[in-house]
Number of protein chains: 4
Amino acid sequence: MGGNMRERLRSAGHEVVGFDHNAQISDVTTLAGLAEKLESPRAVWVMVPAGVTDATIDELAEVLGEGDIIIDGGNSRFSDDAPRAERLNQRGIGYMDVGVSGGVWGRQNGYGLMVGGSQEHVDRLMPIFNALKPEGEFGFVHAGPVGAGHYSKMVHNGIEYGLMHAYAEGYELMAASELVTNVPGVIKSWREGTVVRSWLLDLLDRALDEDPELADLSGYTEDTGEGRWTVDEAVRLAVPLNVITASLFARFASRQDDSPAMKAVSALRQQFGGHAVHKR
Amino acid sequence: MGGNMRERLRSAGHEVVGFDHNAQISDVTTLAGLAEKLESPRAVWVMVPAGVTDATIDELAEVLGEGDIIIDGGNSRFSDDAPRAERLNQRGIGYMDVGVSGGVWGRQNGYGLMVGGSQEHVDRLMPIFNALKPEGEFGFVHAGPVGAGHYSKMVHNGIEYGLMHAYAEGYELMAASELVTNVPGVIKSWREGTVVRSWLLDLLDRALDEDPELADLSGYTEDTGEGRWTVDEAVRLAVPLNVITASLFARFASRQDDSPAMKAVSALRQQFGGHAVHKR
Amino acid sequence: MGGNMRERLRSAGHEVVGFDHNAQISDVTTLAGLAEKLESPRAVWVMVPAGVTDATIDELAEVLGEGDIIIDGGNSRFSDDAPRAERLNQRGIGYMDVGVSGGVWGRQNGYGLMVGGSQEHVDRLMPIFNALKPEGEFGFVHAGPVGAGHYSKMVHNGIEYGLMHAYAEGYELMAASELVTNVPGVIKSWREGTVVRSWLLDLLDRALDEDPELADLSGYTEDTGEGRWTVDEAVRLAVPLNVITASLFARFASRQDDSPAMKAVSALRQQFGGHAVHKR
Amino acid sequence: MGGNMRERLRSAGHEVVGFDHNAQISDVTTLAGLAEKLESPRAVWVMVPAGVTDATIDELAEVLGEGDIIIDGGNSRFSDDAPRAERLNQRGIGYMDVGVSGGVWGRQNGYGLMVGGSQEHVDRLMPIFNALKPEGEFGFVHAGPVGAGHYSKMVHNGIEYGLMHAYAEGYELMAASELVTNVPGVIKSWREGTVVRSWLLDLLDRALDEDPELADLSGYTEDTGEGRWTVDEAVRLAVPLNVITASLFARFASRQDDSPAMKAVSALRQQFGGHAVHKR
C-alpha cells in the first residue's frame, strides 16, 4: 500500500504495518515479519506493479492462514482475479479486488473504491474502505463478485481515455481556429455553469495556467493497460466502442515517428496518380 | 430571452422588458413597443430558434438606433455572426454573440457564458453577464471578436457529445459484462474521488436512479447542429477529430431503422462466401 | 478438406482420400481408415470448424506417425498454431498452417494460399499448393514460420472488413444524396478504368443486379472471428487500426435492436437539457 | 483537357483542338481562337485546377454561343455545378459535369467516366465518352442530372481513401508482427484468388517491388478536396461514415509534427496521476 493511503488509514485510527521494498519507509523487513506483526484475522492490502502481483500474493499465501484476507488494490487485469481467489481459497484465505481511483490527489480527496468480492468480506473490511474513500455518500461501490472491482476500474479508465480525448480535441480545434483568441480563458470559463464541467476540466485549466500553450510538453503519450483491456473486452463482448478505441489508438499513433500505414497510403497515391509525395 | 434568464436578471436588480410570441408572458406586444420601453443606449438580448434569428435581428434593427447593442444568445452558427455585425454596424448598432450553456439548470446554477465582441461592448454589458453567470470565479469568458462566442459554444457542445458518448460506452460495456452486477452502483460511486467525476456523471447517476436499466428510453437520439458544425470545422481546419465525430455518427446511426451500408456489407458477404445472411 | 478443393486437387492428378462427417461423401469411415489408405509419408489437410480443430488434430496424431504432415487449412487463430506444432513435433509429425481465401469461388478461380511452416515442409507439399492456387504467378506465399499463414489470413480478413465497409459507406451516401439517380449504374461503371475497381466491387455490382435496392436484405451482419483477432493484435502491438476497427464495430452495432450506449446518451440529454427524447 | 486524354480521342479519330497555358503544346493561343477553330455546335472540355474553373468557364461563355456545350472534367465540388449550368443556360450554352478516374493510367486503360447532365447532352457527346472510356462494358455512367457526375466522383474518391487505408493498416499490422517474415510476399500473393484483390492492391505490390520497406517515403500525406467534401456530405445528410472519415483524419494527423490534442492528454495525465510525461 502506498504511503498516501497509509497516512489516510492512520489518520482514521487504524493500525497499519507497512512493508515496502524501500527499507527506509518499511515497518518490517520481510513478509513473514509482516504476518507476525498483524493480529489474526489479518487483512493484507497488496499494491505492487502489475508484473509482480501474482508472485507477491503467492509469497504472502505462504505466511498467512485460514481466515485472513488478501486485497489486491493494484491495477491487475480482472481476468487474473478469479484464478487467484481460487488458489487462495484452497488455503482458506479470502481474496478481494479493489480498483482505486484518484491518483496523487487521493490522499487529500479520498480514493474512489470499486470492490469485487463476497458480501462477507466487504462487511469485514468496510472500516478500512470507509477510511480510504471520500467523506461524502459516493466514492465506494461493491461492484460484484471477485473480479468486478478491477473490471469497474478498467472501464473507469477506458472512459477516462475518452473524456480526456474529447477535451483534447476541442482544445486543438479552438487553438486552430481564427476566432477564439483566448483559448485558456474559454477552458477556464467552462469550470462553472456549463455542461462540460468536470474534475478533468479543472485539471486542464490548471495545466494551462502553468503553460498556456502546452509548449513544454510532447504529445508522446503512454498507455497503461486498462485502455487496451477495455477494447479487448469490447471485442469479446461485441460492444461497439468507437470513442474509447479512438482515444487508445490516438495514443498509439502519438508514439510513432512516422506512420507505416501512411507510408503505404503515400506509396499508393504515387503509383496511381503521380501525386507528388514527401520523400524522407 | 427565456423566462429563467429574465428571473436571474431581475433577482440581480436589473430592469428587464420581455418580449415573447407567447403574449401572456410578454411585457410588450411589438418590437417597436420593446424599443420604446427601454432607455437608450439599449441592449436587446435575442434568443430565438436558429431559423428565425436573422429575421428577428433585422426587424430589431429597424426600431433600434445608434449606440444600441443586439446580443444573440441563441445557438447561431458562428459564421453568421460577422455578416450580422457588419449589417448592424452600418446603422451604428453594436453586435455581440454569446454562447450560453447550462440548460434547464442555469436558473439555479448560473449560465456559462462565452462572449464574442469588442472589449468596449463587453465592458458595457458586464453587469448583465455578471448577473447571469455563476457566482464563482468561472463561467464567463470574453473569447475573442464577434463570432468567438458562438465558436466556443460550438466546441463546448462538440466536447459534450464526446464526453457523453465515453460514459455511454463504459455504461454499455459494464452492462454487457458478466462480472459487474451493480452497474448503477458503480456509476454512482464514481461521483467522488475518481478521475471521471463530472456534472454529466452526476446526471447519469440521476437518470439511473429514476430508471436503473434505462428501460423507458429509446436510443434514438437527435443532434442539434453544433455537433455537425464542429465536424465541419475539423474538416475545414484539417484537425483530426476522431472522438467527437464518432459520437456524432453514433447519433446518426441511432436514427436508422436498418443501415444501408450494412445491407451492402451483408450483400457482399453473401456473394463471396455464401455466408448465410439475414433476409428481411 | 471441402469438396471443392478435393475436386481441384483431383483435376490436377492428385490422389485424394476424403473423410467427412457426412458419410455419403466420405471415402473412409474413420481417421484410422484414412491413415491406412494413404501412403507414407502422409499429408493430411484438416479443414473443420474452429471449435473442433484441436480435437481433430490430436485424434489424427494418434493414427499418423514420423514423417507425416498435418496441415490446418481452417480459420484457426494463429496463436493456436505454435502449441499444436510443438505437440505434433514430439511425435515426429510436421505441422503447417494455411490460410485459404476465395470462398465459394475458389473451385473455379483457384484459392489464395498463405502458408506458415518450415521451408522443407513447403517444398514437400508444393505440388498440392500448386494444384489449389490460381494459375497465374500470384495466389501463393510462404509467409513465415508456423503461425504466419493464419496470421496473414487474419490480416487479409481484417482488410476485407475495411474494404467492404468503405464501399458500403459510399453506397449509402450516394443512396442518400439528391443528385445521384442511378446508384447501381455508378457502382457498375466503376468496374473498369477507375481507382476503386476490385473483385469486391464486381460482387457488389452483381448483388445490385439481383436486387437494385438491396431490399431483400437486412443489415444484421455476423462476424467470424478474424476481424476480432485483427483488432486484438492491433491492441497488443499498439498499431492504430481505426478503419478496420470501425468496420468491426459497425457489425456489432448492426446486431443491436437498440443501443444501450445511445440510451445513456438520450438519458443525459433529457437530464441536462430537457431535450425531448424518444420513449420506447 | 490533358495531353493523355487528347491522345486517346485522336486515336479514336476525333478532331481535337487543344488549348493550354503551356504555349508549346497548345494548338491555339486564345480561347477566342479555340472557339473559332471548332465547328458549331461546339463541345469544350475544361480540365483546369479547381481554383480557376469558374473563371475559365465564364471566359469561355463569352466566346461560345447557343447550342454549344461546356464540359467540366476537373475535380469541381458538385455544388458548383448547378449555378454554373444556370449561368450558361441563360446564354443557351449547355453544361455537363464529368468525374474522371484513372489517374496517369487512363491513357492506356481508358478513363472511368461519371457524367452529370441531361439525356440529350449525354447522347450528343457519347462518341467522345466512348473514345475516352475503357473498351469493355464498364467505365461509363450517366449518374444523374447536372452535379451527379462530380458527386459520384467525390464518393469514388472517398471510397478510395477508405480502401487505401484498409490495405495500409493491414500492411502496418503485418510489418509489426513477429510471425510474418515476408510481408511484401503476402501482399503479392493476394493479387489472385483472394477476396481482397484489386487494382489498388496491384499498385501496392508494385510499390513494394520498388521499395520493399517503403524506406524512401514519408507518411506525410496530402488530401485533395474530395475526401473532405465526402465527409461534409455525410454530416449534411446524417450518414455515419466512420471508415472514410477515419481515413481522412489519418491524413490530417500525418501532417502534424506533434498533436496538440495529445499534448493536452499528456498534460492531463501529468496533472492527475503524476505520470511521467515526455517534455519537448
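Bear in mind that the values here come from a model prediction, so they are computed numbers and not experimental data. To find a chain, count down the sequence lines: A is the first, B the second, and so on, and within it residues start at 1.
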Between the side chains of B/S76 and B/D80, does any donor sit under 3.5 Å from an acceptor? no
Which heavy atom of B/S101 sits nearest a heavy atom of B/M114, and at what distance? CB-CE, 4.0 Å
Hey, can you tell me if B/W199 and B/W105 have their rings parallel, tilted or perpendicular (30° and 60° cut-offs)? perpendicular
Under a 4.5 Å heavy-atom cutoff, which of C/S259, C/G106, C/A264, C/G102 has the most pairs with chain B? C/A264
Side chain to side chain contact (heavy atoms under 4.5 Å, CB included) for C/Q271 and B/D202? Distances and angles first, verdict last. CA-CA 10 Å; C/Q271 289 291 333; B/D202 295 347; over 6 Å; no
With chain B as the partner chain, list the residues of residues 228-254 of chain C whose heavy atoms fall under 4.5 Å from it, by residue number, and write 'none' if nothing qualifies. C/A250, C/R251, C/S254
Take the angle between the ring planes of B/Y151 and B/F78 and call it parallel below 30°, perpendicular above 60°, tilted in between. perpendicular
Looking at B/P184 and B/P212, what are the two nearest heavy atoms and their distance? CG-O, 3.8 Å
Sort by residue number and list every member of residues 161-182 of chain C having a non-hydrogen atom under 4.5 Å from chain B. C/M164, C/H165, C/A168, C/E169, C/Y171, C/E172
Check for a donor-acceptor pair, side chain of B/K133 on one end and backbone N or O of B/F140 on the other, with a separation under 3.5 Å. no
NZ/NE/NH1/NH2 to OD/OE distance under 4.0 Å, C/D223 and C/R255: yes
Separation of B/T224 OG1 from C/R269 CZ (nearest 0.5 Å): 6.0 Å
Charged N-O contact under 4.0 Å between C/D209 and C/K188: yes
